[in-house]
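The structure appears right after this line, and notes come after that.
For clarity, every value in this text was computed on a predicted model and none was experimentally measured.
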Amino acid sequence: LHAGNRARELVRQILTISRKNEQELQPLRIQLIIKETLKLLRSSIPTTIEIRQSLNPDCGAVLADPTRIHQVVMNLCTNAYYAMRETGGIMEVTLEHIKLTNEDLLSCTQLSPGPYLRLDVSDTGYGIPEETLEKIFEPYFTTKAKGEGTGLGLALVQSITLDFGGDITVSSELGRGTVFSVYLPVIQAVQE
C-alpha cells in the first residue's frame, strides 16, 4: 500500500510537470492556503523545528490554482524541514507584496518589472553547497538517501511557478541556511 501511494504521488508530480496548461487558474489570495498548509505540516514536523510565519494580510491576488500553491508550499517546507531534521532550527515562511524594478530583476531573469507577491521559505539548516545549487531544479536530482525522495520536489515547484508567470530564486550559505523566494505576479483588484 505504501509503495502504491508513493507511485501514485510520483506519477502525479510527473504529470504536473508535463501537462503545462491544463490547470484552471483563478484569482487567489494565497495567504489562507499557506496557513492551511503550515497547520498540516506542523503535525508532522518535530517540535525541534520552530515554524514562524509572517503573512501580510493585505497582499493582493494572483492568478493560480489552489492545489498547485499547496504543492509549492509543501515542497519548499518539506525541504526546509529535511535540512534541519537532525539539528532542529527555525523555518520561516513570509509573504509580502513587492514591486520589482529593472535593478531587482538581475537575479530573476524570467520576470518583468511590476507588482509581485514574494513567498520566502527559509531554514537555519546546513545550507546547500555551490556545486549542488546549480542542479537543484533538475528533475530527479536529489541529495536524499534512496527511498527518501524522488528528486521532483524543486523541479515541480519551479514548473508551477513558471506556469503562473512567476519565478523562483535560491540563496544559501553553508552553515547558515537557505532561502527560497517564489515570485508570483499580482493581478488587478478582484471583485469580492
Side-chain angles (χ1 to χ4, degrees), residues 1-45 51 53-82 91-97 108 110-111 115-123 136-142 144 148-170 179-192:
L1 183 63
H2 182 68
N5 287 334
R6 279 186 49 93
R8 180 188 68 204
E9 187 57 33
L10 180 61
V11 169
R12 185 178 299 151
Q13 290 178 357
I14 292 169
L15 289 173
T16 297
I17 292 171
S18 64
R19 282 192 228 143
K20 289 292 182 194
N21 294 317
E22 294 182 23
Q23 314 163 44
E24 279 200 32
L25 304 183
Q26 61 192 51
L28 287 177
R29 295 189 184 276
I30 63 173
Q31 297 89 320
L32 289 177
I33 298 167
I34 297 169
K35 283 182 183 180
E36 288 173 14
T37 307
L38 292 176
K39 275 186 196 174
L40 178 67
L41 280 165
R42 179 69 276 174
S43 63
S44 62
I45 292 178
I51 299 177
Q53 58 180 302
S54 175
L55 309 177
N56 182 340
D58 298 325
C59 285
V62 297
L63 199 57
D65 172 86
T67 303
R68 302 296 180 241
I69 293 294
H70 174 83
Q71 286 180 298
V72 166
V73 177
M74 187 68 91
N75 277 307
L76 291 176
C77 289
T78 300
N79 280 355
Y81 151 68
Y82 190 83
M91 176 191 312
E92 192 162 1
V93 180
T94 61
L95 180 70
E96 62 184 340
H97 183 102
C108 300
Q110 302 291 323
L111 303 177
Y116 288 85
L117 294 189
R118 186 176 73 202
L119 168 66
D120 289 338
V121 177
S122 65
D123 66 67
I136 59 173
F137 295 113
E138 293 176 9
Y140 307 109
F141 175 79
T142 184
K144 297 176 182 168
E148 288 189 343
T150 61
L152 286 175
L154 289 175
L156 181 68
V157 168
Q158 184 183 48
S159 176
I160 291 169
T161 304
L162 292 173
D163 283 350
F164 294 163
D167 202 0
I168 182 169
T169 61
V170 59
V179 179
F180 283 93
S181 298
V182 172
Y183 297 86
L184 298 171
V186 174
I187 60 173
Q188 296 298 327
V190 180
Q191 297 290 332
E192 302 276 341

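- Residues Asp163 and Arg68 fail the side-chain proximity criterion, which asks for heavy atoms closer than 4.5 Å.
- In this structure, OH in Tyr81 is found 11.0 Å from CD1 in Ile51, a value given to the nearest 0.5 Å.
- Considering CG of Leu117 and OH of Tyr183, their distance stands at 12.0 Å, rounded to 0.5 Å.
- With rounding to the nearest 0.5 angstrom, the CD atom of Gln71 is 5.0 Å from the CG atom of Leu156.
- Taking OG1 of Thr94 as the start and CD of Gln53 as the end, the distance is 10.5 Å to the nearest 0.5 Å.
- Under the 4.5 Å side-chain criterion, counting only non-hydrogen atoms from C-beta, Met74 is in contact with Leu41.
- Distance check, rounded to the nearest 0.5 Å: CD1 of Ile34 to NE2 of His70 gives 12.0 Å.
- Between Cys77 and Thr37 there is no side-chain heavy-atom pair separated by less than 4.5 Å.
- Taking 4.5 Å as the limit, every side-chain heavy atom of Asn56 sits out of range of all side-chain heavy atoms of Leu95.
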Apply side chain to side chain contact (heavy atoms under 4.5 Å, CB included) to residues Leu154 and Gln158 and explain how you reach the verdict.
CA-CA 6 Å; Leu154 289 175; Gln158 184 183 48; over 6 Å; no
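- Looking at Ile45 and Met91, their side chains come closer than 4.5 Å, going by heavy atoms from C-beta outward.
- Between Leu63 and Pro27, the closest side-chain pair of non-hydrogen atoms falls below 4.5 Å.
- Take His97 and apply the side-chain hydrogen bond (donor to acceptor under 3.5 Å, both in side chains) test, not counting sequence neighbours, and it matches no residue.
- The shortest side-chain heavy-atom distance between Arg29 and Pro57 does not fall under the 4.5 Å cut-off.
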Verdict with supporting geometry, Val93 and Leu119, side chain to side chain contact (heavy atoms under 4.5 Å, CB included)
CA-CA 7 Å; Val93 180; Leu119 168 66; 3.8 Å; yes
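- Taking CG of Leu111 as the start and CG of Asp167 as the end, the distance is 4.5 Å to the nearest 0.5 Å.
- Here Ala64 pairs with Leu28, Val62, Ile69, Phe164 under the side chain to side chain contact (heavy atoms under 4.5 Å, CB included) rule; sequence neighbours left out.
- For the pair Leu184 and Ile30, the minimum side-chain heavy-atom distance is below 4.5 Å.
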Hey, mind stepping through Leu76 and Ile168 against side chain to side chain contact (heavy atoms under 4.5 Å, CB included) and telling me if it holds?
CA-CA 11 Å; Leu76 291 176; Ile168 182 169; 4.2 Å; yes
